[in-house]
Amino acid sequence: MNRIFSINPMSIVFKPRKEPRRILLCSPDFFDIIDVKNPYMQGHLGQVDQTAVSAQWELLKQVYVKWVDKGYLDQVLVLAGVEGCEDMVFCANQSFPFVDTNGIKSVILSKMKHPSRQKEVPYFKEFYESIGYKCIELTHTDLFEGMGDTIPHPGKQLYYGGYGHRSQATAYQEISDITGTPIIPLELISENFYHLDTCFVPLSEDAVMLCKDAFSNEGMAKIQSYFKKIYYIDAKEAIDTFCLNAHVINYPENTKKVAVLQKGSVQAIEALKAEGYEIEEIETSAFMKSGGSVFCMKMMIY
Ligand code: ARG
């Protein structure tokens with residue numbers, strides 16, 4: 001696997017990435033907080049206001065529907081939440097979709113850490129099969145949480161892979177082999193940033209916003225060698241507002257770059273504005289009590 005580059009990564013020509021243009025959401029009908037899988041869930045057991053949950057999820061869906069109407073995306077699909085799968089609404093975690101080297105729509109199924117979340121994966125497998133995807137099971141990996149930990153570099157066939165909490169470093173060896181894509185593994189050193197999608201938002205081929213408290217010095221050095229511009233967000237803002245769980249779309253074929261994120265951040269909004277994004281700020285507080293916000297509540301699919 002192409003994990004460590006001995007020459008300057010800026011000088012490597014990566015294959016262009018085919019970007020997904022459909023959004024998958026999972027309805028939050030059975031969303032609940034029944035245990036503490038991450039620090040944000042502490043003190044929130046049973047504190048689910050189902051009216052707020054439904055209303056906030058519906059608003060997120062409306063943002064994506066609007067983006068389809070404007071031509072920034074092609075379609076919004078909704079998978080029904082299942083009773084007994086309390087975290088299924090966080091549909092970034094159960095899988096990692098990609099297009100294989102022969103152009104076949106494919107998906108790697110996650111090996112989730114928590115037994116209660118492992119139950120979610122077969123429903124996603126069934127969904128992907130129903131839309132014609134090739135489903136791939138990992139055979140050499142025990143822990144991998146899909147797009148929660150694997151984030152593509154905009155425009156380039158290159159991924160970043162977070163490890164240390166929900167995914168293991170060696171998962172990226174297998175995933176790089178399966179996808180035929182180089183992966184830069186990044187160790188996550190703080191339990192507040194337990195998935196890569198809580199602390200790392202690539203904004204363009206050249207720019208990323210991140211919280212450096214999440215990464216080791218070695219990880220930061222790798223990131224600095226792949227992005228010319230880094231917007232640093234304080235840990236307090238990242239933790240309080242989940243702003244680094246923003247979802248940004250910056251496809252070259254679209255007329256606008258658009259971002260949706262939890263309302264209330266200052267530094268992330270400045271970074272997004274500096275990069276030319278049109279911004280939607282929404283309320284996701286009901287889901288933040290479970291340790292997730294926008295990016296975890298959707299999956300980008302082909
Ligand atoms: N309660 C869920 C968990 O701990 C939240 C997942 C949020 N997802 C994310 N990609 N950050 O698994």
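Read the numbers this way: they start at 1 and go in the same order the structure lists the ligands and their atoms.
- The six-membered or imidazole ring of Phe200 lies away from that of Phe295, with a centre-to-centre distance of 6.0 Å or more.
- Pairs of residues two or more places apart, or lying in two chains, that qualify as side chain to side chain donor-acceptor pair (under 3.5 Å) and include a residue from residues 197-220 are Asp197-Asn245.
- Taking the six-membered ring for Trp, His153 and Tyr226 have ring centres at least 6.0 Å apart.
- For Tyr302, the OH atom is densely surrounded, since the number of other residues' heavy atoms within 6.0 Å is greater than 12.
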I'd like a table of donor-acceptor pairs (distance under 3.5 Å, sequence neighbours excluded) in which one partner is a side-chain atom from residues 140-149, with atom names and distances.
from: Thr141; atom 1: OG1; to: Glu174; atom 2: OE1; distance (Å): 2.7
from: Glu145; atom 1: OE1; to: Arg166; atom 2: NH1; distance (Å): 3.0
from: Glu145; atom 1: OE1; to: His195; atom 2: NE2; distance (Å): 2.8
from: Glu145; atom 1: OE2; to: Lys113; atom 2: N; distance (Å): 2.9
from: Asp149; atom 1: OD1; to: Leu196; atom 2: N; distance (Å): 2.8
from: Asp149; atom 1: OD2; to: Ser167; atom 2: OG; distance (Å): 2.7

Where does ligand 1 get N/O contacts under 3.5 Å from the protein, atom by atom?
from: ligand 1; atom 1: 1 (N); to: Asp87; atom 2: OD1; distance (Å): 3.1
from: ligand 1; atom 1: 1 (N); to: Asp87; atom 2: OD2; distance (Å): 3.2
from: ligand 1; atom 1: 1 (N); to: Ser290; atom 2: O; distance (Å): 2.8
from: ligand 1; atom 1: 1 (N); to: Ser290; atom 2: OG; distance (Å): 2.9
from: ligand 1; atom 1: 4 (O); to: Asn38; atom 2: ND2; distance (Å): 2.9
from: ligand 1; atom 1: 4 (O); to: Arg166; atom 2: NH2; distance (Å): 2.8
from: ligand 1; atom 1: 8 (N); to: Asn93; atom 2: OD1; distance (Å): 3.1
from: ligand 1; atom 1: 10 (N); to: Asn93; atom 2: ND2; distance (Å): 2.8
from: ligand 1; atom 1: 10 (N); to: His195; atom 2: ND1; distance (Å): 3.0
from: ligand 1; atom 1: 10 (N); to: Asp197; atom 2: OD1; distance (Å): 3.1
from: ligand 1; atom 1: 10 (N); to: Asp197; atom 2: OD2; distance (Å): 2.6
from: ligand 1; atom 1: 11 (N); to: His195; atom 2: ND1; distance (Å): 3.0
from: ligand 1; atom 1: 11 (N); to: Asp197; atom 2: OD1; distance (Å): 3.0
from: ligand 1; atom 1: 12 (O); to: Arg117; atom 2: NH1; distance (Å): 2.7
from: ligand 1; atom 1: 12 (O); to: Arg166; atom 2: NH1; distance (Å): 3.0

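- Under a 4.5 Å side-chain heavy-atom criterion applied to ILVMFWY residues, the cluster that includes Ile233 comprises Val201, Leu203, Met209, Tyr231, Leu244, Val248, Leu261, Ile269, Leu272, Tyr277, Ile279 as well.
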